[in-house]
Amino acid sequence: MKPAAFNYAKPSSVEEVLGLLSEYGDEATILAGGQSLIPTMNMRLSAPALVIDINGLDNLNGISDEGDRLRIGALTRHVEIENSELIASHAPLITLAMPSIAHPAIRNRGTFGGSVAMADPAAELPACLCALDGEIEITGQNGVRKVVAKDFFKELYETDAGDGEILTAIEIPKISAGYRSAFDELARRHGDYAMCGIAAHAKVDRDVLSDLRLAFFAVGGTPVIATQAMSAMEGKSVDDESIFAAQSALEDDLEPFDDLHCSATLRMHYAKELTKRMLTTLSARN
Amino acid sequence: MTNEIEQIPVALTVNGEKVSKLIEPRLSLVDFLRNELELTGSHIGCEHGVCGACTVRVNGEIVRGCLMLAVQANGGEVETIEGASDSGKIDDLQKAFHERNALQCGFCTPGMLMTTTELLATNPDPSREEIREYLSGNYCRCTGYEAIVDAIETVAQERKGA
């Protein structure tokens with residue numbers, strides 16, 4: 001349970017990081033919060049020759065208001081996001097998801113960018129970004145590019161960020177008037193990896209939902225946007241009939257898997273139950 | 001690729017004392033504290049961030065000592081259970097854990113105390129549910145948690161009355 005030996009670099013600029021990445025190729029790895037990377041290194045699932053600690057890149061820190069969107073620096077810690085008024089006002093889905101991300105000691109250290117770059121299929125933030133059409137900013141030798149969330153998460157632990165590139169920020173459109181968000185997940189222990197989770201976002205007019213987004217996590221290799229369930233619900237009042245139609249459509253949207261924690265059948269059951277909860281929560285008048 | 005490992009000089013403050021060492025990058029913070037400084041109060045359970053036995057405070061915030069490299073604490077301030085205990089500021093918590101039987105084997109207790117200290121600093125009047133949620137990242141395999149929650153609730157109430 002000790003990592004294999006590696007060398008350590010702590011650069012002070014993104015350019016320096018890019019230089020090291022091009023020199024070392026896939027023998028180098030980027031260390032942000034380390035809350036997913038270090039466990040894999042301790043278990044020797046990964047054994048990089050060089051660890052590039054980016055915690056000295058102060059300009060990757062912080063949350064800023066960019067007019068119609070928020071920009072979150074890749075190194076911003078979960079705890080800062082959890083307590084941010086800007087996020088609570090303009091991206092409440094993220095605030096709702098935060099308490100489910102691991103435990104306080106891990107949220108003190110883990111970073112928003114790290115969670116997105118790791119692309120763990122059971123992670124909350126990738127699904128939230130898919131529900132909100134967030135954009136991921138990637139910096140490489142050829143400059144800066146942005147990718148929308150649904151195109152960023154490619155396969156299990158695979159993202160659109162290539163070798164030699166680094167995730168530098170995430171942008172989230174501010175919530176529009178009339179829209180609401182909801183979030184829930186089911187895990188064996190609070191804060192553990194979910195067996196099934198959901199991020200939901202919709203325009204709500206009384207109990208009618210439109211422009212609905214349902215993004216699931218922990219049910220596939222990447223976040224899954226449940227397009228069939230979304231269209232089954234589009235423009236409908238939330239009632240027993242529409243909830244049942246959305247739940248039935250999940251059979252086409254999801255291909256859940258068995259693992260140690262939960263069978264595929266149970267995952268599908270959870271997905272249907274969570275869908276019901278989310279639709280009810282979104283439409284609840286307060 | 002042959003990989004010659006370069007040792008890294010670190011200088012940090014641990015429980016108020018300045019420490020300088022030359023260390024391997026792969027050394028975790030908790031191994032550094034235990035093996036280089038002989039501060040064995042922070043325990044090593046799972047070594048992948050699940051059990052919370054290695055919880056220490058770095059620059060004022062609790063972290064997993066197994067999920068941070070010692071080199072990353074360079075220039076920082078670390079507090080372990082030894083420092084927290086010697087300072088006297090958790091005397092009431094330690095007493096309540098004892099009185100309420102909030103430990104049996106004691107392996108998880110240093111981590112429990114470090115986590116509780118942060119909980120009560122950020123939320124002086126937590127509900128039982130909030131206590132359980134904050135401690136969700138600290139495993140105890142003896143007590144069933146009920147006595148731990150009792151002890152913390154008692155201290156929160158005592159401090160409120162004080």
Side-chain angles (χ1 to χ4, degrees), chain A residues 1-10 23-29 31-56 77-80 82-83 98-110 114 187-193, chain B residues 1-8 10 23-31 35 44-76 111 114-116 118-119 122-123 129-130 132-139:
Chain A
M1 293 298 289
K2 309 292 179 194
F6 54 82
N7 272 312
Y8 173 83
K10 191 173 180 187
E23 185 182 339
Y24 281 80
D26 60 9
E27 300 227 14
T29 193
L31 171 63
Q35 304 300 288
S36 301
L37 174 66
I38 294 183
T40 68
M41 287 168 53
N42 286 356
M43 290 187 267
R44 303 220 175 179
L45 297 171
S46 63
L50 179 72
V51 167
I52 305 170
D53 181 356
I54 60 169
N55 285 279
R77 314 261 170 208
H78 295 317
V79 65
E80 188 182 339
E82 189 176 0
N83 296 324
M98 274 298 149
S100 297
I101 300 176
H103 314 287
I106 289 179
R107 294 201 293 275
N108 281 342
R109 200 74 205 137
R188 293 272 176 208
R189 175 180 70 153
H190 177 89
D192 279 0
Y193 285 115
Chain B
M1 172 173 150
T2 52
N3 198 15
E4 201 156 309
I5 302 303
E6 198 183 330
Q7 299 220 325
I8 308 274
V10 293
I23 57 170
E24 260 197 85
R26 68 166 167 167
L27 190 65
S28 71
L29 178 59
V30 68
D31 276 335
N35 300 341
I44 297 178
C46 70
E47 288 186 281
H48 64 288
V50 176
C51 78
C54 62
T55 306
V56 295
R57 191 176 297 121
V58 176
N59 299 329
E61 292 181 323
I62 56 165
V63 303
R64 299 281 206 238
C66 71
L67 296 190
M68 187 168 171
L69 302 173
V71 289
Q72 293 188 283
N74 190 17
M114 296 306 282
T115 302
T116 303
E118 184 171 281
L119 163 68
T122 54
N123 180 2
E129 198 181 331
E130 286 171 330
R132 282 184 176 276
E133 199 167 303
Y134 216 87
L135 291 180
S136 66
N138 291 71
Y139 272 143

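Labels below follow one simple rule: chain letters A, B, ... track the order of the sequence lines, proteins then strands, and each chain is numbered from 1. Note that this is a predicted model, so its numbers are computed, not measured. These values consider heavy atoms only, across backbone and side chains, with no hydrogens, waters or symmetry-generated copies.
The shortest side-chain heavy-atom distance between A:S46 and A:L37 falls under the 4.5 Å cut-off. In this structure, A:D53 and B:L69 have side chains that are not in contact, with every pair of non-hydrogen atoms separated by 4.5 Å or more. Using a 4.5 Å cut-off on side-chain heavy atoms (C-beta onward), B:R64 and A:R109 make no contact. Considering only heavy atoms from C-beta on, A:I52 stays 4.5 Å or farther from A:Y24 through its side chain. Put simply, the side chain of B:P25 reaches to within 4.5 Å of the side chain of B:I5, judged on heavy atoms.
Each of A:Q35, A:M1, A:K10, A:R189 has some count of heavy-atom pairs under 4.5 Å with chain B, and the biggest count is that of A:R189. Contact tally against chain B (heavy-atom pairs below 4.5 Å) for A:R107, A:K2, A:M41: the top residue is A:K2. Chain A forms the most heavy-atom pairs under 4.5 Å with one residue out of B:M114, B:Q72, B:E6, and that residue is B:Q72.
For chain B, the nearby part of A:L31 is the side chain; its heavy atoms alone come within less than 4.5 Å. Of the atoms belonging to B:E118, it is side-chain heavy atoms, and not backbone ones, that fall under 4.5 Å from chain A. For chain B, the nearby part of A:M43 is the side chain; its heavy atoms alone come within less than 4.5 Å.
For residues 52-60 of chain B, an interface with chain A (any heavy-atom pair closer than 4.5 Å) does not exist.
Counting only distance, with no hydrogens or angles, the side chain of A:N55 and the backbone of A:G33 share no donor-acceptor pair below 3.5 Å.
In terms of heavy-atom proximity, A:P48 sits nearest to A:T29 at CG-CG2, 3.4 Å. Heavy-atom minimum distance, B:C66 versus A:N42: O-ND2, 3.4 Å.
Taking A:Y193 as the reference, nothing meets the side chain to side chain donor-acceptor pair (under 3.5 Å) condition, with sequence neighbours excluded.
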